[in-house]
Amino acid sequence: MLQPRESTHGGDEGDVPAKQRSDSPGVLAKGKEDQDCCSLDDLRNIPTREAPYIHPTNACPGCVMLLNAPADVAAQTLVVSCSACLFLKKWELHGTAAVNLFLKPKQIRSNCNVSCCLQIKSESHKGACPAASMTSEVVENEFEFYSKAEKYWKDVPATVDGMLGGYGHISSIDINSSRKFLQRFLRDGPNRTGTTRALDCGAGIGRITKRLLLPLFKTVDMVDVTEDFLTKAKSYLGEEGRRVRNYFCCGLQDFSPEPNSYDVIWIQWVIGHLTDNHLSDFLKRCRAGLRPNGIVVIKDNMAQEGVIMDDVDSSVCRDLDVVRKIIRRAGLHLLAEERQENFPDEIYHVYTFAMR
């Protein structure tokens with residue numbers, strides 16, 4: 001999904017998750033725009049953990065309450081905190097469940113200049129803990145990781161806005177950029193990618209199939225873990241849906257593309273629902289599923305550093321280096337990499353990769 005997360009859904013054509021789904025961009029909500037730091041109205045009922053009690057010099061009451069709240073309570077209120085306070089929270093509680101609190105910096109305010117935050121930011125960098133570098137560090141139970149994600153998507157509306165976590169208005173920007181990216185491989189030339197058949201992974205209701213793949217390819221297959229989305233796709237796609245050959249209801253960790261069958265395998269806003277090992281293995285199967293000169297395309301949110309867990313839709317967001325390593329591990333070679341432009345500031349940076 002889109003993120004902040006991509007934990008909201010939006011729709012225009014319907015297949016990305018609220019947060020960001022298979023084809024959604026994880027998006028997080030911003031903090032309140034009219035405040036410089038933590039809001040006492042939001043934090044006044046937070047209980048205080050036992051000693052040691054943290055009280056930075058010149059700290060505002062909101063920051064002090066947040067820094068001294070139990071980890072589980074603080075995790076639910078960080079959206080009203082500035083980035084400096086959140087960074088210190090991660091530092092102080094490293095080794096506890098709260099270690100995942102600094103996973104989505106775009107969800108919190110980053111321009112707080114009050115004195116307590118400036119001091120905290122300076123002090124916190126001295127003992128900051130390293131970010132997670134693989135999903136095994138943030139996914140404690142693999143079965144629950146997948147089952148919770150399936151349950152989450154079953155409750156998401158089968159609309160474009162639902163697919164995009166409430167960011168349906170960015171669908172056209174997304175599609176237009178993806179079309180330009182893809183067409184560079186479809187131009188005439190000795191290594192031209194074919195236009196016979198494409199596979200839409202994490203297809204949702206078919207937003208990408210309808211607006212990007214069907215206009216460029218003779219036939220398309222769709223795969224998604226949520227049966228209701230695929231059912232909706234059959235009406236959402238309209239007459240052009242007759243060129244969709246297969247609707248596969250399956251998680252990508254268990255899905256194997258038909259060997260030597262696809263010119264393009266498009267994977268958007270869904271790799272966060274796979275562990276590192278399952279993503280690497282899936283990409284190996286995708287490589288086997290390509291026709292001559294075929295390409296695999298990944299388009300997804302990228303974290304600023306490390307691997308971030310989103311407990312709402314049970315997904316992870318990886319940084320660029322982690323994703324590139326997984327691609328190499330799968331035996332694929334990067335052909336192109338591009339950052340998406342003109343997306344809202346509050347969501348994660350989105351990158352597109354082409355490989356074969």
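Of the possible donor and acceptor atoms, none in the side chain of S261 sits under 3.5 Å from a partner among the backbone N and O of G289. The closest donor-acceptor contact from the side chain of S280 to the backbone of D276 lies at 3.5 Å or more, if one exists at all. For R192 (side chain) and G189 (main-chain N/O), no donor-acceptor pair under 3.5 Å exists by modelled atom type. A donor-acceptor pair is defined here as one N or O able to donate and one able to accept, closer than 3.5 Å; such a pair exists between the side chain of K299 and the backbone of D174. S315 places no side-chain N or O within donor-acceptor distance of the main-chain N or O of D310, the cut-off being under 3.5 Å. Proximity of a side-chain donor or acceptor of R243 to a complementary backbone N or O of L214 within less than 3.5 Å is detected. Of the possible donor and acceptor atoms, none in the side chain of R287 sits under 3.5 Å from a partner among the backbone N and O of L332. Side-chain N or O atoms of D300 include one that pairs as donor or acceptor with a backbone N or O of I271 at under 3.5 Å. Checked by atom type and distance alone, the side chain of D319 pairs as donor or acceptor with a backbone atom of G306 at under 3.5 Å. Remark: the backbone N or O of G168 is not paired with any side-chain donor or acceptor of S171 at under 3.5 angstrom.
Residues K148 and D311 form a side-chain contact, since some pair of their non-hydrogen atoms from C-beta on lies under 4.5 Å apart. Side-chain contact between L283 and I267: present, with at least one pair of heavy atoms (C-beta onward) separated by less than 4.5 Å. Residues H169 and L164 fail the side-chain proximity criterion, which asks for heavy atoms closer than 4.5 Å. For the pair L182/I295, a side-chain contact is recorded, criterion being any heavy-atom separation below 4.5 Å from C-beta on. At a threshold of 4.5 Å between non-hydrogen side-chain atoms, the residues E338 and K180 do not count as touching. Annotation: side chain of K154 is not in contact with side chain of D228 (no heavy-atom distance under 4.5 Å).
For the side-chain hydrogen bond (donor to acceptor under 3.5 Å, both in side chains) with H349, the lone residue among Q304, Q340, R339 that qualifies is R339.
The CG atom of L279 sits 5.0 Å away from the CD1 atom of I326 when rounded to the nearest 0.5 Å. The CG atom of D200 sits 5.5 Å away from the CD1 atom of I208 when rounded to the nearest 0.5 Å. How far CZ of R211 is from CD1 of I175: 5.5 Å, rounded to the nearest 0.5 Å. The CG atom of N176 sits 15.5 Å away from atom CZ of F181, with the distance rounded to the nearest 0.5 Å. Separation of atoms CD (Q253) and CZ (R285) is listed at 8.5 Å; rounding is to 0.5 Å. Remark: L199 CG to I265 CD1 distance equals 5.5 Å, nearest 0.5 Å.
Cluster membership check: Y167 shares its hydrophobic cluster with I173, using side-chain heavy-atom separations under 4.5 Å among Ile, Leu, Val, Met, Phe, Trp and Tyr.
The heavy-atom pair separating P344 from I170 by the smallest distance is CD-CG2, 3.8 Å. Of all heavy-atom pairs spanning D224 and G204, the tightest one is OD2-N, 2.8 Å. Here the closest non-hydrogen pair linking S314 and F145 is OG-O, 2.6 Å. The nearest pair of heavy atoms linking T209 to P215 is O-CD, 4.1 Å. Taking both residues in full, the closest heavy atoms of R184 and A336 are given as NH1-CB, 3.7 Å, listed atom of the first, atom of the second, then distance. The shortest non-hydrogen separation linking L290 to D263 is CD2-O, 4.4 Å.
Annotation: side-chain contact (heavy atoms from CB on, under 4.5 Å) contacts of E337 (sequence neighbours excluded): L320, R324, L334, Y351, F353. Among residues two or more places apart in sequence or in another chain, the ring-ring contact (aromatic ring centres under 6.0 Å, His included) test is passed with Y146 by H278.
Summarising the local packing, NZ of K284 is surrounded by more than 12 heavy atoms from other residues, nucleotides or ligands at distances under 6.0 Å. Atom CD of E227 has 12 or fewer neighbouring heavy atoms from other residues, nucleotides or ligands inside a 6.0 Å radius.
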Under the criterion side-chain contact (heavy atoms from CB on, under 4.5 Å), I'd like the reasoning laid out for T159 against K232: C-alpha separation, chi angles, the key distance, then a yes or no.
CA-CA 9 Å; T159 64; K232 173 65 176 180; 5.9 Å; no

Is there a side-chain contact (heavy atoms from CB on, under 4.5 Å) between L335 and F185 once you walk through the steps?
CA-CA 10 Å; L335 304 175; F185 298 98; 4.1 Å; yes

Show me, pair by pair, the donor-acceptor contacts under 3.5 angstrom made by side chains of residues 216-223, not counting sequence neighbours?
residue, atom, partner, partner atom, Å
T219, OG1, T196, O, 3.3
D221, OD1, N246, N, 3.2
D221, OD1, N246, ND2, 3.3
D221, OD2, R197, NE, 3.3
D221, OD2, R197, NH2, 2.6
D221, OD2, N246, ND2, 3.3
D221, OD2, Y262, OH, 2.6

